[in-house]
Asker: 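I'd like to ask you about the structure that follows.
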Protein chains: 2
Amino acid sequence: MTRLFNDPSDFPEEARLGLVAAHRDKLMAVSGGVVRSTRSKPGSVAVVIGGGSGHYPAFAGLVGQGLAHGAVMGNLFTSPSAQQVYSVAKAADNGGGVLLTFGNYAGDVLHFGQVRERLIAEGIPCEIVTITDDVASASLDEFGKRRGIAGDLTVFKTAAAAAESGASLDEVVAVAKEVNRRTRSFGVAFDGCTLPGAEDALFHVPAGKMAIGLGIHGEPGISEQDVPTADDLAEMLVKRLLEEVPEGVELKGARVVPVLNGLGTVKYEELFVVYRRVDELLREAGVEIVEPDVGELVTSLDMAGVSLTLFWLDDEMERLWKAPADTPAYRKGSMAPAEALDPAEMEGATAPEIPPASEDSKQLAGGAVAALEALAAIIDDKAEELGRIDAVAGDGDHGIGMQRGSKACLEAAREALDGGAGAETVLRWAAERWADKAGGTSGAIWGVILTSIGEALGDEQPLAAERLASGVSAASDNVMSFGKAKPGDKTLVDVLVPFAETLSEAVASGQGVVEAWVQASEKAQQAAQDTANLLPRMGRARPLAEKSLGTPDAGAMSLAMITSALVPVLERCE
Amino acid sequence: MTRLFNDPSDFPEEARLGLVAAHRDKLMAVSGGVVRSTRSKPGSVAVVIGGGSGHYPAFAGLVGQGLAHGAVMGNLFTSPSAQQVYSVAKAADNGGGVLLTFGNYAGDVLHFGQVRERLIAEGIPCEIVTITDDVASASLDEFGKRRGIAGDLTVFKTAAAAAESGASLDEVVAVAKEVNRRTRSFGVAFDGCTLPGAEDALFHVPAGKMAIGLGIHGEPGISEQDVPTADDLAEMLVKRLLEEVPEGVELKGARVVPVLNGLGTVKYEELFVVYRRVDELLREAGVEIVEPDVGELVTSLDMAGVSLTLFWLDDEMERLWKAPADTPAYRKGSMAPAEALDPAEMEGATAPEIPPASEDSKQLAGGAVAALEALAAIIDDKAEELGRIDAVAGDGDHGIGMQRGSKACLEAAREALDGGAGAETVLRWAAERWADKAGGTSGAIWGVILTSIGEALGDEQPLAAERLASGVSAASDNVMSFGKAKPGDKTLVDVLVPFAETLSEAVASGQGVVEAWVQASEKAQQAAQDTANLLPRMGRARPLAEKSLGTPDAGAMSLAMITSALVPVLERCE
C-alpha cells in the first residue's frame with residue numbers, strides 16, 4: 001500500500017517537485033509537468049510524452065537526453081488537462097514541431113488531441129501517435145483500440161532517438177507508428193495498488209490467483225487462474241506474444257527486444273527468475289535477443305503485476321533502440337553531457353504575454369475577478385458538502401478539486417488584472433491555472449467554461465448581456481464536445497445546458513443581465529436536483545454504485561451553487 | 001509477497017542466471033556470483049562486494065565499469081560461503097590485489113575473513129573493509145558494531161572509482177574506510193518481506209505502525225510509532241542524521257550526498273514526496289547537496305521500508321562519487337565502453353588445476369568417491385525425515401540443502417577422479433562444490449569437514465587409520481573455529497566432537513580403520529539423540545521455538561547417519 005504522503009491531494013505535485021529536486025541536472029519543472037533542463041538541438045522535433053501520474057519511471061523519469069523532451073504529469077491515474085499538455089509542449093518545443101505520444105486511453109486521446117489543434121493553430125506542427133501494445137485489451141483486428149502499457153517505452157525511445165538524430169516530424173512520426181506496429185505486450189496482475197489516503201486498493205485479485213491481461217488501472221482482463229510457477233508464466237507470456245509476430249517479420253532469425261516489466265511489487269529477483277526462462281524460450285524459437293530491459297519501467301504505484309513486451313526490430317529500429325540515452329530512470333550507452341539551460345531563459349519562453357485591452361474591458365476584467373472571488377468563496381464554503389455528495393458515487397474529491405482549482409484560478413486572474421489585462425485574458429489565465437492546478441475532469445471542464453466565456457467577452461468591449469449569453473452557450477457546447485457527455489448522463493452538462501438555454505432565451509426576450517441570470521440560475525438549481533433521479537447513460541471509468549441513485553451529481557450541484565453566488569456580483573457590476 | 005518462483009530453493013540461482021542473461025554485455029556468471037564481462041585495467045585493484053541475495057540492485061546489480069569488479073551472491077539473506085567468496089575474488093582479481101567490502105554481518109565477516117587469509121597465503125594481497133552506516137544498530141561509541149545498510153553504496157562507489165583511477169590497494173582501503181566513517185544511514189520499516197514459498201513474511205510491523213531502525217532482515221530496531229506524514233518522516237530522518245555529523249566536518253557549507261533508498265514496496269512517487277522535504281531540510285541546515293540518489297538501491301525483496309543515507313564529502317570523495325559508472329542497475333556520467341572478455345578466457349582463469357598424485361592416493365581417491373556416493377545415497381534416502389526434524393526449530397530446508405550439496409559434491413569428486421586426482425584433491429573439489437552449491441551454514445560446514453579430512457589424507461599416501469583419525473579431529477576443530485559453536489549448543493558439533501574423539505582414541509589403542517570407525521559411529525548415534533534433550537546455548541538468527549525441545553538437531557542427525565552409512569564402504573576399502 002502507499003503509506004508516505006502528506007495531504008493525499010498534494011501527492012502527485014509533491015512527487016513531481018521531489019523528482020525534480022533529485023534530478024536538477026536533467027529535469028526542470030514547468031506548469032503541467034517537466035522538461036529537460038538541458039539544451040536540445042535547435043530545430044529538432046520535441047517528443048512529448050505523458051499521462052496520469054503513478055507510473056514512474058513513466059513518464060517523467062523518461063525525460064532527458066536521447067529520450068523524451070518533456071512529460072505531462074496528470075493527477076494519479078488521471079489524464080492531464082489540455083492546459084497541462086499545452087504548457088509542457090510549448091516549453092519542450094525546439095522549433096522542429098512536436099510529437100505527442102502516449103498510451104491509448106480515452107482521456108489522454110481527448111486532451112492531447114485538443115492541444116494538437118491548438119498548436120497547429122499557433123503555427124507549431126504537431127502530430128500524435130498513440131501506443132497500442134496490450135494484446136489483452138482488444139483483438140488484432142482492432143489493433144487501434146488496444147491500450148498502451150509497457151510498450152510505451154519502445155515507441156518513446158526510438159522516436160526520441162530519431163528526433164535526436166535530426167529526423168523531421170514526419171520521419172519521427174513514421175518511426176513511432178512503425179515501432180508501435182511492431183510492439184506487443186502481455187501482462188498479468190496479482191493485486192491492485194492503493195492510492196495515497198485510500199482505505200483499500202483500486203482493485204483486488206483473489207489471493208493465490210492471477211488475472212490475465214488485467215489493465216494497469218484495473219481495466220477488465222481476459223481470465224483468472226492460479227498463480228503459476230515462474231517458468232510457466234514465462235511460457236504463457238512468450239507463447240501468446242509469439243502468436244502475433246508482426247506482418248512482414250520472419251520468426252526464425254528475427255531480432256527482438258524483450259522488456260520484462262514489473263508493475264511495482266513484483267521485485268527484481270522474481271523478474272530475473274522469469275526472464276531466465278523468457279530468454280531460453282526466445283532463443284529456442286530461433287530469435288536473436290537485442291539489449292533487453294528487465295526492471296520497473298512502467299509501474300502502477302504498488303500494484304503486483306508483470307508484463308512482457310516484445311519489440312520486433314528492423315535495422316533502423318535496432319540502431320535507434322541502441323542509441324544512447326540519459327534520463328533519471330533510463331540510461332544507455334555513452335552520452336556526452338549537454339549544456340544546462342538557464343531556468344530564467346525557460347521562464348521567459350513560457351511566461352504568457354498580456355495583450356493590450358481597452359479601459360472598458362479592464363473594468364469588466366475587475367468584475368470578472370469579483371465573480372471569481374464569489375465563486376471561490378462559495379466553493380470554499382460548500383467544499384465539504386460537495387465532497388460528501390461526490391463520495392456517494394465517486395471518489396469524494398470533487399470538493400477538494402474544486403477548492404484547489406478555484407483558489408488557483410483566482411490568483412491567476414488577479415495577476416492578469418494587475419498586469420493590465422482585459423476580461424478575455426483574465427478569464428483565460430484563470431481557466432488555464434484552474435485546469436493546471438486542479439487536474440482531473442472537473443478542472444479541465446472549468447477551464448473550458450471560463451475560456452469560452454472569456455472569448456465571448458473579448459479584451460475590448462464593455463459588458464453586454466448578448467455577449468455573456470453567447471459565451472455561456474459556447475461554454476455549454478464546448479463542454480459537451482470536450483467531455484463527450486450529453487444531457488441525461490448525470491453530469492454537470494445536465495445543469496449547464498438548461499442554464500445556457502434559459503440565459504440566451506431571457507436575453508433574447510430583452511431582459512437585462514441580472515434578471516436573465518437570476519432566471520437561468522433558478523433553472524440551474526432545479527436541474528441540479530433533477531440529476532438525483534437520473535441513471536447515468538455514459539460509461540464511466542469507475543462503476544457507479546447503486547446507492548448513488550437519489551443523490552445529485554456533485555459537478556452539477558457545484559455549477560448550480562456558483563450560478564446563484566454570482567447574482568450579487570452581477571448586480572454590483574450593472 | 002514473493003509470488004514468482006519455481007522450486008524455492010532454486011530461486012537465488014535462477015535469479016542470478018536471469019540477471020546475467022539480461023546483462024551479458026556487463027556481467028559474467030562465475031561460481032559463487034558474477035564478475036564483469038568486460039576487461040578491467042591489468043594491475044588495478046579488484047573491488048569485490050557481496051552478501052546474501054535478495055537485496056537487488058545490491059550486490060550483483062552494482063558490478064560493472066566504474067563500480068564493483070565482482071559480487072558474491074549467497075542464498076537469500078544468507079552469507080555466501082567462503083568458497084563462493086574465494087571463487088569470485090579469484091575471478092575478479094586483476095593482479096592489483098583485492099578489496100573485499102560488505103555490510104557488517106557476522107556470517108559475512110567470517111567467510112570473507114577466511115578468504116582474505118587464503119588469498120594472502122596464495123600471494124594475492126587482500127584487505128577487508130566492513131560497512132557500518134546504520135545509526136540505529138549501535139551507538140556511535142560502538143561504530144564498528146553497526147550494521148551495513150544502504151550506505152554500502154557510497155563505499156562501493158568511491159572505492160571502486162579509486163581502483164578504476166589506478167589507486168593502490170592501500171589507497172583504495174583508505175578511501176573505503178574514510179567514506180564509511182563519513183556515511184550514516186537511518187531507516188524505518190512498515191512490513192517485512194516474504195521469502196519465495198514461505199507462508200508468511202519474515203517479520204511484521206503492526207498495521208498503521210512504523211518500526212524505527214528495524215534491520216533489513218528483521219533485526220531489532222529502536223521503537224515503534226504510528227506511520228507519520230511524509231514530511232514528518234523526512235524531518236525525523238534528517239534530524240537523527242544531523243545529530244551525527246562526522247568529526248572534522250563543519251555542518252554549515254558541508255557538501256553531502258543524500259541517498260533515499262526504498263526497500264522494495266515503498267514506491268518511487270512516495271520516495272520523491274519524502275525527498276522533496278529532505279532536500280528542503282538539508283538546504284535549510286546550510287549544506288550543499290551533491291548528486292543525490294533516490295530509488296531502490298539496497299532492497300529486501302518486497303519489504304516495505306525506507307532509509308536515508310548522508311555521505312559527507314571531501315574534495316577527493318566528491319570526485320570519486322561523481323566519477324562515471326555503468327552497471328546493470330547504477331549508471332552515472334559518460335563511460336566509454338570497455339572491451340568484452342572472452343568467456344573461455346575467464347573459464348581458463350578459474351578452472352582449478354589437478355596436482356600430481358601417487359597411485360596409492362589415486363586408489364584411495366576411488367574409495368573417497370565411493371564414500372561420497374554412500375553419503376549422497378543416505379542423504380537422498382533420509383532427506384524428507386531430515387527436513388521434518390529441521391522444520392520443528394528451523395526452516396525445514398536442511399534435508400534439501402544436504403541433498404543438493406552432497407549430489408553436487410559427488411559430481412565434483414568424480415570429475416577430479418577422472419582427471420587423475422589423489423584423495424586430498426578429490427575431497428577438496430568435493431568440499432568446494434558442496435559449499436558452493438548448497439550454500440548456507442551446513443554447506444560451509446561440510447566443506448570444512450571434507451577439506452580437513454582431505455588435507456590429512458594427502459595426495460601421496462595410502463589409507464592409514466592415524467591420518468584418517470587426525471583428519472576427522474582437524475575437521476572437528478576447524479568446524480568449531482569456523483562456526484563458533486561449542487558442544488552443548490545443539491548443533492552438528494555435538495556429534496562431531498565425540499565422534500572425532502572416539503575415533504582417535506580407538507585408533508590410538510591400536511584398532512583398525514573399520515573397527516575404530518564403527519565404535520565412533522555408535523557414539524555419534526548416541527550423541528545425535530542426546531541433542532534432543534539439550535537447550536541451545538548460542539544465539540541463533542532464528543528464534544528457537546519451545547517445541548523444539550525433545551527433537552534432535554537435524555545437522556547432528558545427518559552427520560550421525562552419514563558416519564553409519566560409511567561403514568560398508570570402509571569395509572570394502574580395507
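Residue numbering restarts at 1 for every chain, and letters A, B, ... go by the order of the sequence lines. Every value quoted in this text rests on a predicted model; they were computed, and no experiment measured them.
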Asker: Strictly less than 4.5 Å between heavy atoms, which residues of residues 274-285 of chain B line up against chain A? Please order them by number.
Answerer: B/Val274, B/Tyr275, B/Arg276, B/Asp279, B/Arg283

Asker: Is there a side-chain contact between A/Asp191 and B/Arg3, using heavy atoms and a 4.5 Å cut-off?
Answerer: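 Yes, at least one pair of side-chain atoms sits under 4.5 Å.
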
Asker: Does the side-chain contact (heavy atoms from CB on, under 4.5 Å) test come out yes or no for A/Val273 and B/Asn6, once each step is laid out?
Answerer: CA-CA 8 Å; A/Val273 169; B/Asn6 298 302; 3.9 Å; yes

Asker: Using a 4.5 Å heavy-atom cutoff, which residues in residues 52-60 of chain A come close to chain B?
Answerer: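 Hits under 4.5 Å: A/Gly54, A/His55, A/Tyr56.
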
Asker: If you count heavy-atom pairs within less than 4.5 Å of chain B, which of A/Arg331, A/Glu13, A/Glu291 leads?
Answerer: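 With the most close heavy-atom pairs to chain B, the winner is A/Arg331.
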
Asker: Nearest 0.5 Å please: distance from the CZ atom of A/Phe11 over to the CD atom of B/Glu270.
Answerer: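 That separation rounds to 5.5 Å.
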
Asker: Mind ranking B/Arg24, B/His23, B/Met210, B/Arg16 by heavy-atom pairs under 4.5 Å with chain A and telling me who comes out on top?
Answerer: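 Most heavy-atom pairs under 4.5 Å with chain A: B/Arg24.
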
Asker: Donor-acceptor pair, A/Glu269 side chain versus B/Ala15 backbone, under 3.5 Å?
Answerer: no

Asker: Quick one: of A/Asp293, A/Thr265, A/Val266, who has the most non-hydrogen atom pairs under 4.5 Å with chain B?
Answerer: A/Thr265

Asker: Taking only residues two or more places apart in sequence, or in another chain, which ones meet A/Asp7 in a side-chain hydrogen bond (donor to acceptor under 3.5 Å, both in side chains)?
Answerer: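 Once residues adjacent in sequence are excluded, the partners of A/Asp7 under the side-chain hydrogen bond (donor to acceptor under 3.5 Å, both in side chains) criterion are A/Ser9.
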
Asker: A/Val306 versus chain B, heavy atoms under 4.5 Å apart: side chain, backbone, both or neither?
Answerer: side chain

Asker: When rounded to the nearest 0.5 angstrom, what distance separates OG1 in B/Thr229 from CG in A/Asp10?
Answerer: 11.5 Å

Asker: Give me the atom names and distance for the closest heavy-atom approach of A/Ala22 to B/Pro292.
Answerer: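 Heavy atoms of A/Ala22 and B/Pro292 come nearest at O-CG, 3.6 Å.
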
Asker: Checking B/Leu19 against chain A: side chain, backbone, both or neither under 4.5 Å from a heavy atom?
Answerer: both

Asker: Which atom names give the shortest non-hydrogen contact between A/Ala336 and B/Ser334, and what distance separates them?
Answerer: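 Looking at all heavy atoms of both residues, the closest pair is N-OG, 4.3 Å.
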
Asker: When only heavy atoms count and the cut-off is under 4.5 Å, which of residues 294-305 of chain B reach chain A?
Answerer: B/Val294, B/Glu296, B/Thr299, B/Leu301, B/Asp302, B/Ala304

